[in-house]
Structures are given as C-alpha cells and as structure tokens.
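Written out below as structure tokens is the structure these notes cover.
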Amino acid sequence: MITLDRLVNVLGGYGVRLCGRPEARTMWLRGVAMPETADRHAAGDLLLAVGAPGLDEAVRWAAAAKATAVLVRPEATAAGEEGDLEREAAALGDRHGVAVLLADPAVSWSQLAGMVYGLVLESRETASGRGPTDLFALADNLADVVGGAVTIEDRHSRVLAYSRSQEGGDPARLETILGRRVPDRLRELLQRRGVFAHLAATDEPVFVPADAANGLTGRMVVAVRAGRELLGSVWIGCASPLTGAHRRALADGARTVALHLLRSRASADLERQVESDLVIRLLEGSADAATTASRLGLAPQGLRVIAVRADTADDRHAALLLAFEQATTGFGWSRPGRSALLGDTLYTVLRAEEAGAARQWITALRAELPARVRVAAGIGAPAEVAELPAGRQEADECLALHESAAPGSVPPAYDESWDDLLLRRLRAAARTGRTPARGPVSTLLRHDTRHGTRFVPTLRAWLESQGDLTLAAERLQVHPNTVRNRLRKMAELTPLDLDDARQRLAMTIMLAAMEDELRL
C-alpha cells in the first residue's frame, strides 16, 4: 500500500506522468487490477489498462472498476502530439473522476506490471527487509542453457550476480567478482573498444575478443534495458560469438533480468524516498524528532551527521547520485546510516560515538565509488535526535574545511576541529572587512607591506611564545636581540601595550583572522 504520489514519483523515472487531478496524489493504493478478456470490470485501486483500444475506453474501464487511477500505455505519438494526448487524458480523468497515468510506449507492459505490483503489493515488505531477487539463480540457469560463466552487472559495472559455473571463466572475471566491480583498467579497455557505446545504443548482443594482457578471454555481452533506460548488462564467457539458440537465450535472459531489476529497483526507490523524507525532517528540525528517529530505526543519542560531496572532473552530478545510491543500497534497516540527498550534498545520520567510526563509513563509501571520483566529507559532533539540525550545520562547516584542505587529508569532525572552524569563521569575517582597519596589527601590516619589514611575523611569534624572547627568536631563526629591537621599533610606530592581557588576546585573534592575508 502506497500513495499515488509515491507511485508517480518512482514510475516517473521510467517516463510515466500523471495527467491532471493533482489532488489524487494523496490517495492510497491498496490493490492492482488487470482487466480480463471475459470481464473488463476488474476491481482495484489501480487499473492496468492492458488491451484497451483507446484512451477513452481505458478511462471508462477504470471508472466502472471504481479505480482511483488507471495506467495507460498509448501508441507512440509524434513529439507535437504528446501535449494533445496529455490534455485529452486530463479531461477524461476529470470527467470520470479517475487519475490517468500515461506510460512511455517504449516501456513494455510486463515491465510496467512488474514495477507496479512490486510497489503497491510488496511495499510493506521494504520496511521489514525484503531481500534481493533471485538473480543468482537466473545467472545459473542462463549459464546452464548457454554453456558459459555468467556475470550480471548494473550500469556502473558493479556485480549484481554471477553463476556458479566457471566454464569460460578467466582471471578478469575472478577479479571482477572479488572486487564486486569491473576493475578500472578493464573498463578503460572496454571503453576504447566501444563496448559501452554499443550497450548504450542497441539491444543486440556484441562479442568482446580476448585480451591476454588483461586476463580477458572472449565473451558476449548484451544490454539490460527498461524502455530507453540502460539498467545494466549480462556477460557470458565464450571463445567465439554465440549464434542461433544460444544467442536467443542470451537476449531472452537479458529481458528477464530487466524485470528482476525493475522490481527490485522499484522497491529500493520506494524505500529510499521514505528514508529521505524522514531524514530531511530530522535535519530540518521535526516537531516529533523522537518518533521520526524511531521510524528510521535510529538510537535517540550518540548520532553524527555526515555531509558528503562527490564529483568528477567532467561531471558534478552523476558521482553524487552514485554516492547516494551506494549509501542507500540494501534492503530493510540493515545499513548503519540513514541518508538523504539535499541539493549538492549527501547527508547521512550515523550511530557513531567516536569520529573514527564515521570516518570508516566514509572510507567504505569511497571504496565503492570509481577511482576517478573526488570525495570530500565533514562530520558533526555527537548529538541527540533533537540536536541533529545543529549537527547538520557542523557537518557542513567541516565539509567546507575538508574541501579546502590538501588532497588525501582526513575528513574533519567538529568535536576535534572546532578550533580550525573558529579560525575559518574569523578569516571569513576578515574577508568581508569586519576586522578593524586601524590598530596595532593593521598598522604593522601596512608598514611591512610598504617597507619590507618583518614586524607582524615577529609580533605573532612573540605572542605564540607567550612573551619568551628566546623561544620567539628560535621560531623566527634570529637572535633574541633582533626580536627585542623589532619590538621597540614597533612600539614607536603604534601603541603596543604588550602588558595588557586583553590587548594581547585581541591581537592574537586578529592575527588568526588575517592568516590568509598574511600568507601573501
């Protein structure tokens, strides 16, 4: 049971759109009906208008079945006629009191039915942890029919399932299975050979010749597609191109894999939406945060917010979506964190008393992404459920700190890096002109700029050494008398009351705030 709104949101990724009746989005769908040849008046909240001769007939079937909505798969239309079809569907829906959903003609009824039944009838299973579909059994069956080792991958070359059979297997397949994804060097090889371009363009199987240098023997590969969207691929080890019945079996297997992936993905997408909504409520300050956290399976305290950004040199969005998909991969509540995607940032609420546990989660996420993806992250301090909005702000600040740090640096945690964050705030204030334009530090900085003196570094070394001339001289690599003489000349330029504790503190803060400027 789900709302029509959630159904439309999930199926929208496959070209399904709701025509008119926006008020129907809040209605619950508890059952699915498909009209039979002998009885077109099947009952159900959602009617799949399979076999309807036209849009008008489909809506009348739905009205007779007292359905809330009807899913119609019209014949392909010209680009200019799509708007007319949607307006006609909206008018018919208003007339009969039925919400009309138009599907992309490129998506088959079997694929649509698999998604709808998975969403409406099996959505209750997502909260209790519905496991993945039996792709491994499907891989075994296909291997038995074709006579070669089978690997099923998603569109990012991550392994979803593989057959027990090792016939036609090779070192490249073993490495792929052990690493749970195709190694980067093999992806580059396949890219150069045009394999990925072929998969993106056609459903026809293609043969990949052997490459001994990369441990690759020959194999056939076919795209797994839903309508126009590439979901993944099926690979079979073979010494030469498949023909006849074996080639047809591979094509049929790819269509069956598509149904499995769609059903699994529909349930996963539903779970992601539910999870994201609840996480966003927590991060924005839910009125009943304890109940929201309980629905997510989160403890009431000892939580940390992790903020992550991921990108590549040529694409800022795909890597972030991949990170979100990886962070939310898994059924039920077996994952350690709960995640949501807000703007250009992935937020995860994680049970982690120690910052090290949060860093391990970030490291594990990073390991699942392609090597070319850049990842930056920030970690909020331990928080109770009601404090998660503050934890989000802390994670954002730590994320900004990590993005400006040297490559390979450890993601900062707020409770460990509060001093760096305070100085960052001070430097931000200095850049907006909110530090005094007059006073000892400003005067000495202008003198150093104009005359090449070293008064500001000397003042900072003296303050950091707590007035110890010898230690300050060591920091500056000069004689203590040089420090003493510089301090005397500085006092002649500007009032410099180094005996006043408040002035020493003020000068220390201003020097920290102007650190970026002092590096120039």
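Keep in mind that what you see is a predicted model, and the values were worked out from it rather than measured.
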Tell me, with the steps shown, if Thr151 and Arg173 meet side-chain hydrogen bond (donor to acceptor under 3.5 Å, both in side chains). CA-CA 8 Å; Thr151 307; Arg173 180 177 188 268; 3.2 Å; yes
One should read off an interatomic distance between Thr482 OG1 and Leu476 CG, to the nearest 0.5 angstrom, of 9.5 Å
Just so I know, are the side chains of Leu303 and Pro382 near enough to count as touching, which here means a heavy-atom distance under 4.5 Å? no
Is it true that atom CD of Glu416 has more than 12 heavy atoms of other residues, nucleotides or ligands lying nearer than 6.0 Å? yes
Is there side-chain contact between Val257 and Leu138, with at least one heavy-atom pair below 4.5 Å? yes
Worked verdict on Leu399 versus Glu403 for side-chain contact (heavy atoms from CB on, under 4.5 Å): CA-CA 6 Å; Leu399 172 60; Glu403 286 180 319; 4.2 Å; yes
Can you establish whether the number of heavy atoms outside Arg180 located under 6.0 Å from its atom CZ is more than 12? no
Check whether any side-chain heavy atom of Val208 sits under 4.5 Å from a side-chain heavy atom of Trp235, and report yes or no. yes
In plain terms, say whether Arg392 and Glu387 are close enough for a salt bridge, that is, a side-chain N and a carboxylate O under 4.0 Å apart. no
Close side-chain approach of Val305 and Asp396, heavy atoms under 4.5 Å: no
Backbone N or O of Ala390 within a donor-acceptor pair of the Gln393 side chain at under 3.5 Å? no
Taking the side chain as C-beta and beyond, is there a heavy-atom pair between Val150 and Tyr162 under 4.5 Å? no
Taking Asn214 for the side chain and Leu216 for the main chain, is one N or O donor matched with an acceptor at less than 3.5 Å? no
Is it true that Arg155 and Glu325 have a side-chain N and a carboxylate O under 4.0 angstrom from each other? yes
Given 3.5 Å as the limit, does a donor-acceptor pair link the side chain of Arg304 with the main chain of Ala358, or not? no
Is there a donor-acceptor pair closer than 3.5 Å between any side-chain N or O of Asp448 and the backbone N or O of Gly452? no
Is any side-chain heavy atom of Thr348 less than 4.5 Å from a side-chain heavy atom of Leu346? yes
Least distance between heavy atoms, Leu278 atom then Thr292 atom: O-CG2, 3.4 Å
Sub-3.5 Å donor-acceptor pair from the side chain of Thr494 to the main-chain atoms of Met490, do we have one? no
Pro412 and His402: which non-hydrogen atoms are nearest, and at how many Å? CD-CB, 3.5 Å
A cation-pi test, strictly: NZ or CZ of Arg187 under 6.0 Å from the centre of the six-membered ring of Phe196 and no more than 45 degrees from its axis. Yes or no? yes
In Å, rounded to the nearest 0.5 Å, how long is the span from CD1 of Ile152 to CG of Leu231? 12.0 Å
Taking CZ in Arg502 as the centre, count heavy atoms belonging to other residues, nucleotides or ligands within less than 6.0 Å. Is the count above 12? no
When you look at Leu469 and Trp462, which way does the side-chain contact (heavy atoms from CB on, under 4.5 Å) test go after all the steps? CA-CA 7 Å; Leu469 284 174; Trp462 187 89; 4.0 Å; yes
Run Arg309 and Thr345 through side-chain hydrogen bond (donor to acceptor under 3.5 Å, both in side chains) and show every step you take. CA-CA 5 Å; Arg309 287 200 185 114; Thr345 306; 3.2 Å; yes
Flag yes if more than 12 heavy atoms outside Arg454 fall under 6.0 Å of its CZ atom; otherwise flag no. no
Donor-acceptor contact present, side-chain Ser294 to main-chain Ala290, <3.5 Å: no
If you look at every heavy atom in Ala327 and Leu365, which pair is closest and at what distance? N-CD1, 4.1 Å
Between Tyr347 and Leu282, is the side-chain contact (heavy atoms from CB on, under 4.5 Å) condition met? List the steps. CA-CA 11 Å; Tyr347 291 98; Leu282 288 179; over 6 Å; no
Taking C-beta and beyond as the side chain, do Val221 and Val234 meet within less than 4.5 Å on heavy atoms? no
For the pair Asp104 (side chain) and Val107 (backbone), establish whether a donor and an acceptor sit closer than 3.5 Å, ignoring hydrogens and angles. no
Testing Thr458, Asn481, Thr453 one by one against Arg486 for a side chain to side chain donor-acceptor pair (under 3.5 Å), which residue passes? Thr458
Is the side chain of Arg338 donor-acceptor paired with the backbone N or O of Thr328 at a distance under 3.5 Å, no angle test? no
Which atoms form the tightest heavy-atom contact between Pro389 and Glu284, and what is the distance? CG-C, 4.2 Å
Backbone N/O of Leu401 and side chain of Ser404: donor-acceptor pair under 3.5 Å: yes
Is Arg475 paired with Glu464 through a side-chain N to carboxylate O contact shorter than 4.0 Å? yes
For the student: nearest non-hydrogen atoms of Glu353 and Gly302, plus distance: OE2-CA, 3.4 Å
Worked verdict on Arg372 versus Glu188 for salt bridge (Lys or Arg N to Asp or Glu O under 4.0 Å): CA-CA 12 Å; Arg372 65 185 183 280; Glu188 293 172 1; over 6 Å; no
Determine whether a donor-acceptor pair (N or O, by modelled atom type, separation under 3.5 Å) exists between the side chain of Arg504 and the backbone of Leu498. yes
Closest non-hydrogen atoms of Cys398 and Leu421, given as atom of the first, atom of the second and distance, are SG-CD1, 3.7 Å
Does the side chain of Leu459 come within less than 4.5 Å of Met507's, by heavy atoms? yes
Asp288 side chain to Thr291 side chain, donor-acceptor N/O pair below 3.5 angstrom: yes
Under the salt bridge (Lys or Arg N to Asp or Glu O under 4.0 Å) rule, collect the residues that match up with Arg484, sequence neighbours excluded. none
Decide side-chain contact (heavy atoms from CB on, under 4.5 Å) for Leu112 and Val16; before the verdict, give the C-alpha distance in whole Å, the side-chain angles of both, and the deciding distance to 0.1 Å. CA-CA 9 Å; Leu112 289 169; Val16 175; 4.1 Å; yes
For the atom pair NZ (Lys489) and CG (Leu487), what is the distance rounded to the nearest 0.5 Å? 11.5 Å
